[in-house]
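Counting starts at 1 for both ligands and their atoms, following the listed order. Note: hydrogens, waters and symmetry copies are ignored here, and every other heavy atom, side chains too, is used.
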Amino acid sequence: MSLSNGRAYLAIPGPSVIPDEVLQAMHRASPNIYEGELHDLTNSLVPDLKAIAMTDQNVAIYVGNGHAAWEAALSNVLSRGDTVLVLATGRFCIGWGEMAESLGVTVETIDYGAQAPIDLAQVEAALAADTAARIKAVLAVHVDTSTSVKNDIAGLRVVMTRVDHPALLMVDCIASLGCDRFEMDAWGVDVMVAACQKGLMTPAGVSFVWYNAKADAARGDCVTAYWDWRPRTDPDYYYKYFDGTAPTHHLYGLRAALDLIKAEGLEHVFARHETLARAIWAAFDRWSAIGPMQLNIADPPARSHAVTSVSIGTPFGDQLRRWCEDQCGLTLGIGLGRSPADAYFRIGHMGHVNAHMIMGVLGTLEACLTALDIPHGSGALEAAAGVIARA
Ligand SMILES: *Cc1c(COP(=O)(O)O)cnc(C)c1O
């Protein structure tokens, strides 16, 4: 008997759960795009987007998903024939590098595999060896959503400074912005990209590039009129924020989402994500004492607070996801970019997520492990509840 009727729960790492406030803000007639409220609303987003990235620099808004922000960021600073260093800790940084290659940029990759963060000593050695400063930019992903690894971005800047390398530091925070602490200016990040459908809790379709003066000065020949970030950050040219029709309803939704973050307080948002992630880890520590299930990232400081990747062995990953959805109305993430994909699953816990939702995910998993006869340790739910109780 299926017990899935009721409100479905999409616990994947993007798109994330959309708050009712965001849905309601979007449920309206088309606004006047020439003047008035929509212009004021758009202008009001800019300081809040800078605050959430902890930067005083520029932010450009694009109508497009995260891949659009990837291309926008690369094309504004690179020229054909330039070299970039990709620090791969999962599928997403590799994908960003492939996009650089498609622009005619030479890509050098240090691949850390799917279970480890960036090794800073190795980056330092690679940059120190680049005495001619061929490497124009270092590309890193803060949280790689395929592996759930979190990289030490502040540490990356420290080693770049130590070897006095002039490369730009470019970071993908698509999965981490508004979930895991990120401080663009304090950490010395030159370019950062994010999208609205993960920690920012808005339907997919709008993305952002934050950039500083050094990145703007780097300006290469890859940039085309549509992706050029300069007109998009000039408040006197409203239409060019979007180079066409504004994504009207997304802007209303995003305003509501940023209001929710402001009302809760960014520090509290980070603390909530951390505590809920710790509850999940505590459950998996118990489950994985027996049987095939293991957290993908062993070292807690290298784990994301927004997504958790789990290995469970073929074909349990697919069976488990099928059972959770069909029997309980819970959709979990696929083993994206992993081989074999059905040996993994992921839990998205980014954005509009609270303690009872996480206990619901964990309780559903407990039932699933029992129903499918997958060996597992006991005491997982008590351990998770203990983390929440102590918070
Ligand atoms: C989701 C995601 C992307 C891709 O974003 P799209 O909106 O799907 O194009 C890129 N990088 C990371 C880290 C992501 O989590």
Side-chain angles (χ1 to χ4, degrees), residues 10-18 52-53 60-75 84 86-102 107 109 111-112 114 117-118 138-153 156 169-182 184 189 191-210 227 247 250 253-254 257 273 277 296-297 302-309 331-338 344-351 353:
L10 186 70
I12 71 173
S16 64
V17 173
I18 305 174
I52 205 170
I61 306 175
Y62 292 89
V63 185
N65 59 17
H67 283 68
W70 271 357
E71 182 157 338
L74 295 169
S75 66
V84 298
V86 165
L87 304 174
T89 54
R91 183 58 218 151
F92 283 96
C93 207
I94 291 172
W96 201 11
E98 287 166 352
M99 186 171 270
E101 233 160 10
S102 79
V107 173
T109 303
D111 195 336
Y112 298 98
I118 292 167
V138 173
L139 270 53
V141 173
H142 186 208
V143 163
D144 197 299
T145 325
S146 63
T147 56
S148 71
V149 74
K150 177 165 64 189
N151 286 306
D152 176 3
I153 302 300
L156 204 46
L169 176 55
M170 302 179 67
V171 181
D172 170 344
C173 290
I174 296 175
S176 56
L177 193 74
C179 306
D180 277 283
R181 171 176 298 282
F182 176 81
M184 177 161 171
V189 174
V191 178
M192 189 272 278
V193 300
C196 68
Q197 79 273 24
K198 304 202 181 183
L200 300 185
M201 309 176 283
T202 303
V206 171
S207 57
F208 317 95
V209 180
W210 290 255
W227 298 112
H250 277 79
L254 183 62
H273 279 86
N296 187 53
I297 303 297
R303 292 178 189 158
S304 158
H305 294 164
V307 52
T308 297
S309 170
T331 304
L332 296 165
I334 59 170
L336 185 78
R338 306 303 293 276
Y344 300 86
F345 69 95
R346 293 172 304 154
I347 304 168
H349 37 101
M350 47 179 57
V353 179

Heavy atoms only, cut-off 4.0 Å: how does Val143 contact ligand 1, side chain, backbone, both, or neither?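 Answer for Val143: backbone.
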Side chain, backbone, both or neither: the part of Trp96 lying under 4.0 Å from ligand 1 by heavy atom: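 Contact part for Trp96 vs ligand 1: neither.
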Backbone of [Y] reached by a side-chain donor or acceptor of [X] within 3.5 Å:
{"X": "Ser16", "Y": "Lys198", "result": "yes"}
{"X": "His273", "Y": "Gly351", "result": "yes"}
{"X": "Thr147", "Y": "Thr89", "result": "yes"}
{"X": "Arg303", "Y": "Ile297", "result": "yes"}
{"X": "Thr145", "Y": "Ala175", "result": "no"}
{"X": "Thr109", "Y": "Asp111", "result": "no"}
{"X": "Asn296", "Y": "Thr308", "result": "no"}

Using a 4.0 Å cutoff against the non-hydrogen atoms of [X], which atoms of ligand 1 qualify?
{"X": "Trp70", "value": "10 (C), 11 (N)"}
{"X": "Lys198", "value": "1 (C), 2 (C), 3 (C), 14 (C), 15 (O)"}
{"X": "Asn65", "value": "6 (P), 7 (O), 9 (O)"}

Nearest-neighbour protein heavy atom for [atom], which is reported as residue plus atom name and distance:
{"atom": "atom 6 (P) of ligand 1", "result": "Gly66 N, 3.3 Å"}
{"atom": "atom 9 (O) of ligand 1", "result": "His67 ND1, 2.5 Å"}
{"atom": "atom 3 (C) of ligand 1", "result": "Phe92 CE2, 3.4 Å"}
{"atom": "atom 11 (N) of ligand 1", "result": "Asp172 OD2, 2.7 Å"}

Going by distance alone, is a donor N or O of one side chain under 3.5 Å from an acceptor N or O of the other, for Asp172 and Trp70?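 A donor-acceptor contact under 3.5 Å links the two side chains.
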Does at least one non-hydrogen atom of Asp144 fall below 4.0 angstrom from an atom of ligand 1?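 No, that is not the case, since the closest heavy atom of the residue is not under 4.0 Å from the ligand.
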With a 4.0 Å cut-off on heavy atoms, is His142 touching ligand 1?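 No heavy atom of His142 comes that close to ligand 1.
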Going by the closest heavy atom to atom 15 (O) of ligand 1, which one wins out of Thr145, Leu177, Leu336?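 Among Thr145, Leu177, Leu336, the closest heavy atom to atom 15 (O) of ligand 1 comes from Thr145.
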